[in-house]
Structures are given as structure tokens and as C-alpha cells.
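Pasting in a structure now, in C-alpha cells, and then I'll have a few things to ask.
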2 protein chains.
Amino acid sequence: MFRGSSLWCGDEPVKGATIHDVARAADVSVATVSRTLNGLETVAQGTRDRVLRAAGELDYVPHSGARALSTRRTDTIGVLLPDLHGEFFSELIRGIDLAARARGLHLLLSSSHGNLAEAEAALRSMRSRVDSVIAMMPNAGEQPLASDRHLGVPMVLIGSNGAADAIGSFTIDNFAGAFAITKHLVSSGRSRVAFVTGPADNLEASERLRGYRAAMRSFGSTEWIVHGDFTEESGRRAAAHLTHNDTPDAIFCANDMMAIGCLEALREAGGSVPDDIALAGFDDVPIARYVNPPLTTAAVPIAEIGRQALECCADAIGGGDAGGQRSFQPQLVVRASTSSSSSLRQDHSRPAELGETGS
Amino acid sequence: MFRGSSLWCGDEPVKGATIHDVARAADVSVATVSRTLNGLETVAQGTRDRVLRAAGELDYVPHSGARALSTRRTDTIGVLLPDLHGEFFSELIRGIDLAARARGLHLLLSSSHGNLAEAEAALRSMRSRVDSVIAMMPNAGEQPLASDRHLGVPMVLIGSNGAADAIGSFTIDNFAGAFAITKHLVSSGRSRVAFVTGPADNLEASERLRGYRAAMRSFGSTEWIVHGDFTEESGRRAAAHLTHNDTPDAIFCANDMMAIGCLEALREAGGSVPDDIALAGFDDVPIARYVNPPLTTAAVPIAEIGRQALECCADAIGGGDAGGQRSFQPQLVVRASTSSSSSLRQDHSRPAELGETGS
DNA sequence: TTGAAAGCGTTACCAC
DNA sequence: GTGGTAACGCTTTCAA
């Protein structure tokens, strides 16, 4: 009944040995091989040695599909991101990967390109391939699928506002970060602070806007809002727009890439940062400290978030109930783009814990 | 004999429906369901409709492990990179992902942190989970495992010099790129061109060094070599070293990050780029155009390489023999860091096809 | 301590 | 066209 796997030993391709091959080589039953390799139960020392040797010689690797079929576990975590492009996601993936390899888990990666339908399809097709999922879907109205029930496996969300019945959710306190940046701008003497928004349906973006408004209100300053979409180009456009009409003395962009676009447009227009206009971003992507002048921004511990999200996933499949709604505080990072009196060497600092702001 | 899967219909978790559930709901055999869902053979229109409806209602997703067991295919490509950190890999992954989603393939990601043992372990554990592998292992002496025979699945290499019996290999013509950069430096009037190397055991790095030397020799200039390791910090050290003794009038770093380190160190030391010293890097990572002055470099089509590597993998598992040794030509990108007479707006260009250089 | 055998959810071959 | 059923490679009772 058993069809021996084709195990050629010459210079020909070795199609992976099966547990049966190992059993035969060690002269034991497959059950014993399984027990030995899984460290289960007590297996006689001599038997164990024979099995281990046989497995080693045959370079045996269990078939994960078969194992998944029996155990209902894949030792794989699915990761669904809006995009794989750019420094933010690169950082996030790194954090996730770090934790995953520490736990011996595999990572199944997928991107949805901000498209809800694609995201749902990706999640569906992941169902049987992963034990758990880390997903990031920053657009409003994407909650419906954020459900263990719909997905079939526990899921942890990053950056969404704790939707549906996800097992856990890791968010950035965008409100507090934006509040702190605005406060920094105002308290360093800027009175006309403009804000460049992110995409209208993006949750993070609207929280940042909210933080800006709250701060402006609390300082009795007048709001000044220009629309952007998180792209460098939109930052450039915003700058053009802002310098065309009445000019602000500070621009706070909802993310770093827009701030960088702003910076270039301002430079081209002959404006001086920070002397004429102070400039701040959000995220502290690596580029932020390399532009000239280095960019003041709110740093979010991206990799750390990824790491914790994975830990949460791992705990969840272990049966643990380690879920929860964890919110990370961004740190205000003041660089030369907002402070003219800066020495040249302050570029690499990450100082100033964020001040309290409520919410 | 068949144990119905637990398909609770209340507010309780629905543990994925199986093909048996669908068969029962549609009142047909599992074989028919399988045929219908795989688009195989002819299934009567009415039957097909019933099956499709049942599958839809039950939100049926085939169990990939079971399928892999029968078909010996996982529809997954493994990706093994030295690191997941930084713009280069981010770009590469993006290209791979793009092609993968176009083909409906999943991506299993793993990083080896430059450690050969880890890489081998990762490759082993991928064996049964993927149909094919894309790997990048830039260190010399890592060839041994680059083998279909050892791995069990076809594999395509990126950036290694076409080792072992990989099905395909995608490399960058580092020699030509370095030659072109050096030539550009010399022909724009620089006579004392220093080179900052990458890690000694890195294949790409040594090819770049070779290109530099060949160019210097061909122009009758004297070589001037300082050691680095691809990190920004090593670039900074190299600059300090170079300005301490006799100072060159051009520095060519084996990658962009070192050039950026150089740039900062030079700026701090009060040197002017490009007036006193011209500066060039290699890779054209996104940051390169944001630093001040923007960096002259050799652009490699990173995402495109990833895309083609994946296509190659996909073809390989399709039985096609689309392998081969493809080498990509870097493009010389001249920016302000090497040409003082530059207008402010040239930052975003990607001009100048690379000149022929032999090899 | 070990072996036999029943699944796990699919696909594919062979009858009808 | 359709249904029955033997694999696929592994884990896990249940006996011995």
C-alpha cells in the first residue's frame, strides 16, 4: 500500500525523504520516528539515536502540509500590509521578522495596495496557510473583515482603531504626536502654523489632523489646513500653494515624505528653512535625518510595534489570551528644520520624550 | 467514517468549511466539487452552479496543506535575503511582490542576517513549504548550498555569481558600474580618486573594487584604497581617514550609505562637496537624491530584478526552463555631488546610459 | 517502549 | 458527467 518515495542517491535530484524512508532506514515504525522527532513521550535511547541518525543521513524534513493537516497548525504568521514599498513598511517587517525567527515562525507576506477587495481576498487565501495574521489596513470603513469569525484565524491589527473582534491591536497615538509637534512649533515662536493633511479616509492621518487642531485651539491660534495624500509630490504641491498666497511661518506635514516634498519645493522657491519657515513631519523615517536641514518629526517605534504584534500573534496561537489594545507614544524629535540655532552635530539625536496631551 | 467538520452557524467561530461540507450542501460528490472549483473537465452547468453557490455560502477555502499533499505544489515562493532592513531590500521585495501577486503566488519571507548557517536552516525549513526559492547570499563561500539537489526545489540566485546548479541567476554588472563612475570622476577633471571598499567577503563589493581598479589603471591614475564595510559609519570613518592625511579630490564609495556617511563627515570637517571633493556612491537608493548635495551614483533596477527573479521562479515550477544568467547594467546617475555647475533642479534625473566597458 | 491504523482535506484515477 | 476511493505524509489514539 505504501509507495516508496523516489530517493535517488546518485547525482540525480533527491526528492525529499519521507518519514517512511526514515522509519525503514532506522528499522522502526513511522510512529516512533514521529515521536522521536517531536520530542514526545519516552523513546528508548538506542531507538532515538537510530532514528536521529537515519533522519540526519537522509536529510529528512517533515512535509509541512501533511503536518498541518494533522495538527491544524502551520507555524506561519500571515502579514498583510497596504504596501511593501518604503521605509515605514521595511522597518515594520524587520521588527516582525526579528520576533518571528526568534520563535521559529515563518512569515507569509502579502500586500493589498490599499485596496479593500484585494485585502479581503488575500486574507481569505491565507486562511489555511497561517495560524494567525498581522494586518494593517489604515483606511476607514475597512473594519468589516477585521474579524476572527470571517477570517478563521486570530488576527492582530496595526494602526487601525481596534476594530471588530481582532485579538489585539497596536496603534500609534497620532493625536498626541501631532499635538506635541504643533506645541513645539508654537512655543518656539511660530504663530502661523499650516498643516498638510494625509488622505481623507486614512485613520492615522485624521488623528494627526485632530491633534493639530486641538493644539491650535488650545493655544488660541488659527487653523490653516491644506490637503495632501502622504506622497512627496503632494507635499511639493502644498508648499507651492502655501507660498503663493499668504505665507505661514511654519508647516507641519502629516508625514515625513510630504515634509520632504515641501522642503524641496521651498528650497527651489528660494525660501529658507527654518529661518523663514519652520518645517516638521511625522514618522521619523530614516531619510528624515539625512535631508538638509534634518527634519523635525514625531518618531514612532515602528520595528518595536512589529515585534510586539508578532509576539501577540504567537501568544494567541499558543492559546494565551495576550491580546489587548496597546497604544504607542511617538517621541518628538527636534532637528534643524525647526530650530535655527542648531549646531551642526545634532542631526542624529532622538531626544525629548513626548509631553502629555490628554486623549 | 467521515467526521463532519464543526461548522457552527450561530455567533460562534466558524472553523473553515471543508470540501465535504460543500459536497453535502450541493448534493454532489467531493470529486465533483474539486473538479468544479479547479475548472477541470466538463461539469454540467446546473451542477456547477449548485457547487459554486454552496461554496460561496459556506465561504469555502480549500485547505492548502491538503492540496499541497496531493498536488505537490504550494503556490508559494520562498524568499531568502541577508536582511530585511533598508531601502535596497525593500525595493527588491516590492518587485518580487508585484510579480507574485500578478501570478497569484504567495511569498514566504525569511532573512539570514548574513549568517550562512541560518541561511541553510531557513532554506531547509522552506523545502516543503515552497515550490521555488529566490535567494540572495552575497558572501563568498556560500555556494555549497546553492543547489537544487540540497534544497529540493528550484532556486534562483540574486547577486551571487551564478553559483552551483541554481536554475537562474540575476546579477548586477558591478564591474561596469564602478568603471563608469570612476571614468566619470576622472573625466570631469579629478585626478586623485580614492575608493572606499565594501566588506572583504562580499562579492558585489569586490567586483566594484575591481571596476575601480581597472578604470584607474586604464586612465593611468594611481589607486587609492580605503576599507569600509557598507555601513554609513564606515563611510564616516573613511572620510576622516582620508582628510587626515593627503586629501583626494574625489571619493568613490562602494555603496550609497557609505557615501552618505562620508558626506556628513566631510561637511562636519568643513570640506565642500563637490568643490573640494567630488563624491559618488553605488546603488541609487532613494535617499541618494535627498541628501545635500544629491549623490552621484550607479543606479541598479532593484525592483525590476526582483520581478524578473520571480518570473523565473514561476516559469521554473511551471516546468519551463526559463533559467539563465542575466546581468543588469547599472546606469550612471550624475547629480550635484560630482558636478559643481549643476542647476538646482537636476536632482531627480536618471540620465546617462552606462558606457561600454568590457568585463 | 513500540506498532498498527484511523484520520486530516485534497486530488486524481477508474468505473459507471 | 458523476461518484467511489486510493493515495499524499504526518500525528495520534489504541493495543500490545
Side-chain angles (χ1 to χ4, degrees), chain A residues 1-7 15-51 54-55 58-75 125 127-129 131 152, chain B residues 1-7 15-51 54-55 58-75 125 127-129 131 152:
Chain A
M1 204 54 56
F2 164 67
R3 186 176 49 163
S5 67
S6 56
L7 191 55
K15 282 316 245 180
T18 75
I19 196 173
H20 285 104
D21 299 318
V22 178
R24 198 177 319 128
D27 194 36
V28 292
S29 72
V30 292
T32 300
V33 176
S34 177
R35 281 189 285 253
T36 304
L37 264 26
N38 289 318
L40 296 181
E41 299 184 41
T42 72
V43 176
Q45 193 53 251
T47 314
R48 149 167 274 115
D49 291 344
R50 283 212 312 288
V51 170
L58 293 173
D59 191 27
Y60 169 67
V61 179
H63 187 287
S64 65
R67 199 205 284 262
L69 208 45
S70 308
T71 49
R72 301 207 141 283
R73 299 190 75 232
T74 60
D75 294 323
S125 77
R127 181 139 90 193
S128 66
R129 325 179 84 101
D131 295 333
Chain B
M1 206 53 57
F2 165 67
R3 185 178 51 163
S5 67
S6 57
L7 193 55
K15 281 319 244 181
T18 74
I19 197 172
H20 285 105
D21 299 318
V22 177
R24 198 178 318 130
D27 195 36
V28 293
S29 72
V30 292
T32 300
V33 176
S34 177
R35 280 189 288 252
T36 304
L37 264 25
N38 290 317
L40 297 180
E41 298 186 40
T42 72
V43 177
Q45 192 52 251
T47 314
R48 149 166 274 116
D49 291 344
R50 283 211 313 287
V51 170
L58 292 173
D59 191 28
Y60 169 67
V61 178
H63 188 287
S64 64
R67 199 205 283 264
L69 208 45
S70 296
T71 53
R72 302 207 138 283
R73 300 191 72 230
T74 60
D75 294 323
S125 77
R127 181 140 92 193
S128 66
R129 324 179 86 101
D131 295 332

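Quick caveat: nothing in here was measured; it's all calculated off a predicted structure.
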*Whole angstrom is fine here: how far is it from CG in A:D21 over to C1' in D:dG9?*
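Taking atom C1' of D:dG9 as the reference, CG of A:D21 is at 10 Å.
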_Proximity to the side chain of A:A66 - top-ranked nucleotide from D:dG3, C:dG3, D:dG9_ =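 Selected nucleotide (nearest to the side chain): D:dG9.
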*Using whole Å, report how far CG of A:D49 lies from C1' of C:dT1.*
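About 15 Å, once rounded to whole Å.
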_Nucleotide nearest A:R35 when distance is taken to its side chain, options C:dT11, C:dG3, D:dT11_ =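 Minimum distance to the A:R35 side chain belongs to C:dG3.
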*asked:* Closest approach to the side chain of A:R72, judged atom by atom: which nucleotide of D:dT2, C:dA4, C:dG9 is it?
replied: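 Of the candidates, C:dG9 comes closest.
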*Which residue, A:R67 or B:D27, contacts DNA chain D at a nucleotide closer to its 5' end, judged by nearest heavy atom?*
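Comparing both residues, the 5'-ward one is B:D27.
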*Does A:V51 reach the side chain of A:R48, with side-chain heavy atoms less than 4.5 Å apart?*
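No, side chains not in contact.
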*asked:* For a quick test of reading the model: is some side-chain N or O of B:T71 closer than 4.0 Å to OP1 or OP2 of C:dT11?
replied: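 For C:dT11, neither OP1 nor OP2 has a side-chain N or O of B:T71 closer than 4.0 Å.
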_Quick check for you: among C:dT1, D:dT12, D:dT2, whose closest atom lies nearest to any side-chain atom of B:V43?_
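Side chain of B:V43 sits closest to D:dT2.
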*asked:* Rounded to whole Å, how long is the line connecting atom CG of A:L69 with atom C1' of C:dC8?
replied: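 The distance from CG of A:L69 to C1' of C:dC8 comes to 4 Å, rounded to the nearest Å.
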*asked:* At 4.0 Å (heavy atoms only), tell me whether B:V61 reaches a base, stays on the sugar-phosphate, or touches nothing.
replied: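 Since only primed, P, OP1 and OP2 atoms lie under 4.0 Å of B:V61, the category is sugar-phosphate.
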*With heavy atoms under 4.0 Å as the rule, sort A:A44 into base, sugar-phosphate or nothing.*
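Here A:A44 touches the backbone only, sparing every base.
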*Can you check whether any acceptor in the base of D:dG1 is under 3.5 Å from a donor in the side chain of B:R48, or vice versa?*
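Side chain to base: no pair below 3.5 Å.
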*What nucleotide among C:dT1, D:dT11, D:dG1 has an atom nearest to a side-chain atom of A:T47?*
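Nucleotide nearest to A:T47's side chain: C:dT1.
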*asked:* If I take atom CG in residue A:L37 and atom P in nucleotide C:dT2, what distance separates them, rounded to the nearest angstrom?
replied: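 That distance rounds to 14 Å.
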*Is any side-chain N or O of B:T32 closer than 4.0 Å to OP1 or OP2 of D:dG3?*
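Checking B:T32 against D:dG3: at least one side-chain N or O falls below 4.0 Å of OP1 or OP2.
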*Taking side chain as C-beta onward, heavy atoms only, is A:I19 less than 4.5 Å from A:S34?*
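Contact flag for A:I19/A:S34 side chains = yes.
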*N-O pairing of A:R129 and B:D75 below 4.0 Å*: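 Salt bridge: no.
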_Please determine whether a side-chain nitrogen or oxygen atom of A:S29 lies at a distance below 4.0 Å from atom OP1 or OP2 of C:dT2._
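Looking at the OP1 and OP2 atoms of C:dT2, neither is under 4.0 Å from any side-chain N or O of A:S29.
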*Which listed nucleotide (C:dT2, D:dC10, C:dT11) is nearest to the side chain of A:S70?*
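My answer, after comparing the listed nucleotides, is D:dC10.
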*Taking the side chain as every heavy atom from C-beta outward, state whether A:V22 and A:R50 have any pair of such atoms under 4.5 Å apart.*
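The answer is no; the side chains never approach within 4.5 Å.
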*Among the nucleotides C:dT1, D:dT5, C:dT10, which one has an atom lying closest to any side-chain atom of B:Y60?*
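In terms of side-chain proximity for B:Y60, the closest of C:dT1, D:dT5, C:dT10 is C:dT10.
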*asked:* Could you walk me through whether B:T18 and B:D21 satisfy the side chain to side chain contact (heavy atoms under 4.5 Å, CB included) test, starting with their C-alpha distance in whole Å, then the side-chain angles of each, then the deciding distance to 0.1 Å, before giving a yes or no?
replied: CA-CA 5 Å; B:T18 74; B:D21 299 318; 3.4 Å; yes
*Rounded distance in Å - NE2 (B:H63) to P (D:dG9)*: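 So the two atoms are 16 Å apart, to the nearest Å.
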*Whole angstrom is fine here: how far is it from CG in A:L40 over to P in C:dT1?*
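The answer, rounded to whole Å, is 14 Å.
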*For A:H63 and A:L69, what are the C-alpha separation, side-chain angles and deciding distance, and is it a side chain to side chain contact (heavy atoms under 4.5 Å, CB included)?*
CA-CA 10 Å; A:H63 187 287; A:L69 208 45; over 6 Å; no
*Which one, D:dG9, D:dT2, D:dT11, comes nearest to the side chain of A:T18?*
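Of the candidates, D:dG9 comes closest.
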*Rounded to whole angstrom units, what separation is found between the CZ atom of B:R73 and the P atom of C:dT11?*
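Rounded to the whole Å, the gap is 13 Å.
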*asked:* Nearest whole Å is fine: how far is C:dG9 P from B:R24 CZ?
replied: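 My rounded result for the distance is 11 Å.
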_Candidates C:dT1, C:dT10, D:dC10 - which lies nearest the side chain of B:H20_ =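 Selected nucleotide (nearest to the side chain): C:dT10.
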